[in-house]
Amino acid sequence: MRNDSGFYGEFGGQFVPETLIPALDRLEESFREFCADRKSLAELKELFEKYAGRPTPVYHAKNISKKYGMNIYLKREDLLHTGAHKINNTIGQALLARRMGKKRIIAETGAGQHGVASATAAASLGFACTVYMGKTDADRQLLNVKKMKFLGSEVNIVDSGMGTLKDAVSAALKDWVASFNTTHYLIGSAVGPHPFPEIVAYFQSVIGTESRAQFGEMGMPPDVVVACVGGGSNAIGIFQGFLDSDARIIGVEAGGRSLNSGDNSATLSLGRKGVFQGSLSYLLENGSLQVEEVHSVSAGLDYPGVGPQHSYLKDSGRVEYRYAFDAQALAACRELTRMEGIIPALESSHALAYVFENSGEFAGKNVLVNLSGRGDKDFEIIDRHLLEDK
Amino acid sequence: MRGVYLMGGYPDEKKFREACDCAVSSGFDFIEIGIPFNDPLADGPVITAAAYASLAGGATPESIVTGIETLRGTAGLYVMTYSNIIYGYGPGRFSERLSGVINGVILADLPNRMSGVLRGMGLEIPIVPFATLETRPSDLDAINKSASDIVYFVGLRGITGADARIFTDELIGKVDMIKKGSDKKIILGFGIKTGEDASRALEICDGFVVGTEAVRRQGDASRLGDYLSSLVS
Ligand SMILES: Cc1ncc(COP(=O)(O)O)c(C=O)c1O
């Protein structure tokens, strides 16, 4: 997919201050060494299995399958240590940071899942850790803020802009421009300048590789693969297992309150091409070329940009990108909880919502949904909305 | 060469124009005009706040480009902004509007190796290359290939307005390396605050540009004038 200068077709690149270029080169070099080093890969595998809890099962959710007239399979990333797929990437990048001799890790977080996963990897591999989190997000994901602090990380609340993921990424990049000699920026999604999208996709590819093998054992391929898309890490993780198959692949973004600008985070459906936070990709921007202030009920999808691989996969036509609204995601969250006894993260609930809402398209099919995380962190929001609904 | 960075449209169009006039009458040779972008990842709080205020006052890339056209011939002119502004405006259209008006564009998030991307899309105005404390001998080639006659030296690791001692042995060594490997004029940016900094910069490099400390005073032409005069002695 990628060419030598870090582009996927026209998307990607390294749109960051010149000062960071040698650090990105060093990171890329280190990543290539890592991928070719059997010992490092064995250590990663060991941590995936014994620490994070891989492989995660693929679960045939029979009750919702019956209700919606298809076979719904859930890739249970929600069962991982810390409760989401984010840990796959933080363990991997923490090993890279150690290889590069860094002492400190910085990370941005939206829902707090990547922040907690970073704080966890830092605690276990012995790094100092600072997590940047927007104020709005810190308020709506308070439990995760407390967890990060308990894990020994410093949490820096970012009060600029809307106080969401975009502002946290900016703050982390500003830290990194001054600190890269000692610090690794552990970016949490398949976004940012090359080589980050590739690195994150690599560490998340375990989701797709495992799923492909698990379906292989069941003796049937999935007809459809669905994942939610914020920056795009869980989605690119599972999609990579099926890009060369016949499966229909669907990424689901946040339709938010409405399709009016500012009300959603449906970057690939509604955005234009732009340059944002390190790469050229689709972007939600206004008529004056300013980044849009966006919205989603789920902090992890509340982001105006998207990783370059997804922009490429959209334009190439291999992957379809759709959206689900806040209310649909909340309803899907309740549905899975009541019918299967699994409380999904609000991010993952967007993928479920799209499948439930469009069940006609999937009648009789084997549909694999990436259940990227569990909903514990969302409890206050779930509670508030579901009470309001009554 | 003495340069000042001013945020376009801040605090309003009229006062921005006064600030430019003030820079010229204080003896500055060039002005870098900021087109505001609301995700300014190389800027500290002062310039970020000015960008937000400019946008809140209704400034757009279009209004600032129009303002720049009226500055033609007053001083050396550069546009300093972020890649998305040029990309979205259209590199070709931007060139049509400002070729011959400005000497170059400085894009804080466009490292030297990416400049070909915007050139390939039709940006005909020279893209000012960067040098940094990290510049390696192997980076000189990219600097020298640029059509710009200046190279912008980012004097510290960090964002605009950061507090740091800039005239370190490390910086002096890097400037030396660049002087030997390039005949572009070296302009020191980031970290210039006082008259003493300005004189030091002129001894070591070919020029400097002051940003944060000027933008801090941009709303008040007489304060700005006093400040800029203190850098020309
Ligand atoms: C459970 C879960 N799913 C999905 C996401 C969205 O991120 P990405 O698109 O990178 O997978 C997040 C982000 O916080 C998350 O916590």
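Here the structure is a predicted model, which is why all the values come from computation and not from measurement. Letters A, B, ... are given to chains in the order of the sequence lines, protein chains preceding strands, and every chain is numbered from 1.
- Options B:L110, B:L55, B:L107, B:L156 differ in how many heavy-atom pairs under 4.5 Å they form with chain A, and the most are formed by B:L55.
- Counting heavy-atom pairs under 4.5 Å between each of A:L289, A:V169, A:L20, A:L283 and chain B puts A:L289 at the top.
- Heavy-atom neighbours of chain B within the stretch residues 170-189 of chain A, taken at a separation under 4.5 angstrom, comprise A:S170, A:L173, A:K174, A:V177, A:A178, A:F180, A:N181.
- Looking only at heavy-atom pairs under 4.5 Å with chain A, the residue among B:F37, B:Y52, B:Y87, B:Y89 that has the most is B:Y87.
- Aromatic pair B:Y152/B:Y78: centroids not less than 6.0 angstrom apart.
- Using a cutoff of 4.0 Å between basic side-chain nitrogens and carboxylate oxygens, B:R93 and B:E62 are scored as salt-bridged.
- If you measure heavy-atom distances from B:P36 to chain A, the contacts under 4.5 Å come from the backbone alone.
- Between the side chains of B:S115 and B:R119, a donor-acceptor pair is found at a separation under 3.5 Å.
- Between B:V46 and B:R216 the shortest heavy-atom distance is CG2-NH1, 3.7 Å.
- Put simply, of B:I86, B:I35, B:D43, the one with the most heavy-atom pairs under 4.5 Å next to chain A is B:D43.
- Aromatic rings from B:Y10 and B:F16 are positioned such that their centres are separated by 6.0 Å or more.
- In terms of modelled atom types and a separation under 3.5 Å, the side chain of B:T160 and the main chain of B:G44 share a donor-acceptor contact.
- With B:D197 contributing its side chain and B:K193 its backbone, the two residues share a donor-acceptor pair below 3.5 Å.
- For the set B:T60, B:V154, B:L41, the count of heavy-atom pairs under 4.5 angstrom toward chain A peaks at B:L41.
- Atom NZ of B:K179 has more than 12 heavy atoms from other residues, nucleotides or ligands within 6.0 Å.
- Contacts with chain B (heavy atom to heavy atom, under 4.5 Å) involve no residue of residues 297-315 of chain A.
- Summarising the geometry, atom NZ belonging to A:K102 is positioned 12.5 Å from atom CD belonging to A:Q93; distances are rounded to the nearest 0.5 Å.
- In this structure, chain A has a heavy atom under 4.5 Å from the side chain of B:T48, while its backbone stays farther away.
- B:R136 has a carboxylate O that lies under 4.0 Å from a charged side-chain N of B:D139, or vice versa, which qualifies the two as a salt bridge.
- Here the closest heavy-atom approach between residue B:S182 and residue B:N144 is recorded as OG-OD1, 2.8 Å.
- Taking a cutoff of 4.0 Å between a charged side-chain nitrogen and a carboxylate oxygen, A:E347 and A:K86 do not qualify as a salt bridge.
- Taking the charged nitrogens against the carboxylate oxygens, B:R17 and B:E13 have no contact shorter than 4.0 Å, which rules out a salt bridge.
- Tested against B:C205, the residues B:I187, B:I172, B:I186 include a single side-chain contact (heavy atoms from CB on, under 4.5 Å) partner, B:I186.
- Of the listed residues (B:D39, B:I159, B:T135), the one with the most heavy-atom contacts under 4.5 Å to chain A is B:D39.
- Interface remark: A:N286 contributes no atoms to any contact with chain B (heavy atom separation under 4.5 Å).
- For A:F15, the parts lying under 4.5 angstrom from a heavy atom of chain B are both the backbone and the side chain.
- Residue A:Q277 touches chain B through both its backbone and its side chain, counting heavy-atom pairs closer than 4.5 Å.
- A salt bridge links B:R217 with B:E213; the closest basic N to acidic carboxylate O contact falls under 4.0 Å.
- Ranked by heavy-atom pairs shorter than 4.5 Å toward chain A, the options B:L133, B:T132, B:V117 are led by B:T132.
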